[in-house]
Colleague: 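Pasting in a structure now, in structure tokens, and then I'll have a few things to ask.
Both ligands and their constituent atoms are indexed starting at 1 by order of listing. Along the sequence shown, residues are numbered consecutively beginning with 1.
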Amino acid sequence: MLTRPPLTLPVDQMRMAGRQAIELIIERMSEGEIGPVLVRRSRDDLEQNWDEPIPEHGQDLVALLERLAGDALPSGMHSDHPRCFAFVPTSGNFPAVLADALAAAFLSVPGAWLVGSGPTQLELVTLRWLRELLGLETCFGGLFVSGGSIANLTALTAARDSLLGGDLSTARAYCSTQAHPSIARALHIIGLKRDQLVVLPPDDRLRLDPARLAERIFSDRAAGWHPFLVVATIGTTSTGAVDPIEKLADICGREGMWLHADGALGAAAAATARGRRTLAGLNRVDSLTLDPHKWLFQPYELGCVLLRQPEQLKETFAMARHFLDSGYLAVSESDGREPNLSDYGPQQTRGLRALKLWLSLKTFGANAFREAVDQGITLAEHAAAFIGNHPELEAASEPGLGIVTFRYRPSGMAPGAGLDSFQAELARTVLEAGFAMITTTMVRGETVLRMCTINPRTSVRHIDNTLDHVVDCGRVLAARSDRSPANNVPH
Ligand SMILES: *Cc1c(COP(=O)(O)O)cnc(C)c1O
């Protein structure tokens with residue numbers, strides 16, 4: 001006989017499994033450098049363990065939690081490891097994990113005020129804190145979204161609607177080769193063809209070149225195009241370069257164009273005094289993307305889109321603008337004072353992602369965040385100094401926002417053929433050794449090593465040990481393949 005509603009558990013079982021879940025979380029989050037930086041598993045191996053038939057009968061929850069934490073979940077990169085420098089490693093934080101669980105338990109949905117007044121209020125205040133943390137003017141407002149890609153898409157959709165009046169045929173957008181691929185994807189989704197995105201070569205510091213941009217806008221106008229959008233990258237993912245916002249804002253102002261800043265990686269630097277200097281002009285952009293799940297240490301997913309005139313989001317996304325029958329929504333219509341955040345973006349039902357940032361800011365205080373961001377900048381500069389002082393290492397770009405790129409150059413090896421494949425092979429060797437994780441990127445057409453140093457658990461010692469290790473691996477590799485410029489034999 002059924003004594004409980006379906007899909008519920010007795011309280012004592014919930015308590016037991018809940019305690020076990022917290023234990024597993026604490027264990028995972030206190031692993032630090034004891035745990036692996038990367039757990040490599042093959043598809044075959046994982047399929048053997050996890051490609052199971054749909055479970056027709058329930059199993060013990062505690063055992064399931066242990067099985068997940070012991071095998072599938074730890075497989076892959078541990079981006080919170082202090083020697084993980086690959087891609088953009090996020091560290092996560094404990095209050096944020098609890099916030100996600102609470103938001104799920106309370107079915108929090110900051111969509112319509114009627115449905116989620118408390119969650120909406122929490123999201124609004126978190127947006128305001130974020131604005132203050134970055135020194136943005138009070139006019140900026142927006143929405144938390146899943147990540148930088150969707151933030152870019154949301155902003156560019158508003159730009160299109162605000163400037164193109166429905167005629168996309170001659171529209172053109174501009175960015176540098178260093179912009180993130182999600183920009184091209186967003187333009188594709190909003191209906192621009194490939195030749196409607198002009199991708200300009202960067203200047204010698206890998207930044208969008210304002211003079212080149214102005215020239216191209218001028219010649220495009222003469223050829224009948226309608227330039228409407230410039231995308232500046234604030235912290236390119238490859239090298240951390242920052243496009244010159246002030247000059248780009250001047251051009252956009254003059255030309256009646258929209259300036260979007262993709263700060264998914266780097267906008268967080270504005271929380272620090274020196275970052276704010278590097279990002280001078282941030283308040284002049286029309287829209288801004290940032291990713292708290294990168295440099296504000298949040299677990300996935302948390303992105304954010306902010307507009308100088310947030311009401312422009314409503315003009316694009318408000319339910320009332322879209323003419324299908326929405327009679328069932330009438331009861332939740334907004335009076336403006338109590339906003340429906342579902343009117344500001346493409347999603348209707350949306351989780352309270354903001355809560356993790358709210359709870360971690362409240363737990364640690366804004367200053368802990370400022371210091372953690374600042375440390376990421378310091379570590380990149382420290383790594384750059386180490387590289388500059390080492391006879392076998394050479395910088396490939398100036399240290400950007402939390403990123404350094406460099407090469408290992410075997411003594412006696414000249415620039416030219418072989419050096420690119422050597423870096424790729426060296427990165428593979430480091431990956432296989434399992435001590436640290438670094439990856440490669442392309443700088444001016446050359447393959448180089450790249451480290452992103454934004455993890456707050458990373459110290460100067462972790463940087464030094466990793467670079468020493470890279471040099472050791474480089475020496476072994478150079479000796480093994482007997483690579484000198486003359487006999488660089490491919491294999
Ligand atoms: C990471 C990144 C993105 C994409 O953000 P997601 O959160 O991965 O969707 C966009 N732009 C830049 C500059 C990035 O570094």
Colleague: Looking only at non-hydrogen atoms, find the nearest pair between A158 and L307 and report the distance.
Modeller: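 In terms of heavy atoms, the two residues are closest at CB-CD2, 4.0 Å.
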Colleague: Report, in ascending order of atom number, the atoms of ligand 1 lying under 4.0 Å from any heavy atom of D291.
Modeller: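 Those qualifying, in numeric order: 5 (O), 6 (P), 7 (O).
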Colleague: Which pair of non-hydrogen atoms, one from H180 and one from S182, has the smallest distance, and what is that distance?
Modeller: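 The pair with the smallest heavy-atom distance is ND1-OG, 2.8 Å.
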Colleague: Within the distance-only criterion (no hydrogens, no angle test), does the side chain of T458 pair as donor or acceptor with the backbone N or O of I454 below 3.5 angstrom?
Modeller: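 A pair under 3.5 Å: no.
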Colleague: Considering only heavy atoms of D262, which atoms of ligand 1 have at least one such atom less than 4.0 Å away?
Modeller: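 Counting atoms of ligand 1 from 1, those under 4.0 Å from D262 are 10 (C), 11 (N), 12 (C), 13 (C).
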Colleague: Could you tell me if R83 sits above the aromatic ring of F435, with its cationic atom closer than 6.0 Å to the ring centre and no more than 45 degrees from the axis?
Modeller: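 So R83 does make the cation-pi contact.
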Colleague: Using a strict 4.0 Å cut-off to heavy atoms of A264, name the atoms of ligand 1 that fall inside it.
Modeller: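 Atoms satisfying the 4.0 Å criterion: 2 (C), 3 (C), 10 (C), 11 (N), 12 (C), 14 (C).
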Colleague: Look at ligand 1 and say whether H293 reaches it with a heavy atom at a distance under 4.0 Å.
Modeller: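 The answer is yes: ligand 1 sits under 4.0 Å from a heavy atom of H293.
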Colleague: Looking at every heavy atom in both F369 and S360, which two are closest together, and how far apart are they?
Modeller: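 So the two residues come closest at CE1-O, 3.5 Å.
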Colleague: Under a 4.0 angstrom heavy-atom cut-off, which atoms of ligand 1 come close to L265?
Modeller: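 Answer for ligand 1: 15 (O).
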Colleague: What atoms of ligand 1 come within less than 4.0 Å of a heavy atom belonging to G148?
Modeller: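 It comes down to these atoms of ligand 1: 5 (O), 6 (P), 7 (O), 9 (O).
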Colleague: Using a 4.0 Å cutoff against the non-hydrogen atoms of S182, which atoms of ligand 1 qualify?
Modeller: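 Every atom of ligand 1 under 4.0 Å from some heavy atom of S182: 10 (C).
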Colleague: Work out which heavy atom in D243 is nearest to a heavy atom in R207; give both atom names and the distance.
Modeller: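 Taking every non-hydrogen atom into account, OD1-CA, 3.4 Å.
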Colleague: Given 3.5 Å as the limit, does a donor-acceptor pair link the side chain of Q196 with the main chain of L168, or not?
Modeller: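 Yes, Q196 side chain to L168 backbone: donor-acceptor pair under 3.5 Å.
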Colleague: What protein heavy atom sits nearest atom 9 (O) of ligand 1, and how far off is it?
Modeller: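 It is S149 OG, 2.6 Å.
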Colleague: Nearest protein heavy-atom contact for atom 14 (C) of ligand 1: which residue, which atom, what distance?
Modeller: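 That would be K294 NZ, 2.9 Å.
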Colleague: I need the atoms of ligand 1 closer than 4.0 Å to a non-hydrogen atom of T237, numbered in the order shown.
Modeller: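 Heavy-atom distances to T237 below 4.0 Å select 12 (C), 13 (C), 14 (C), 15 (O).
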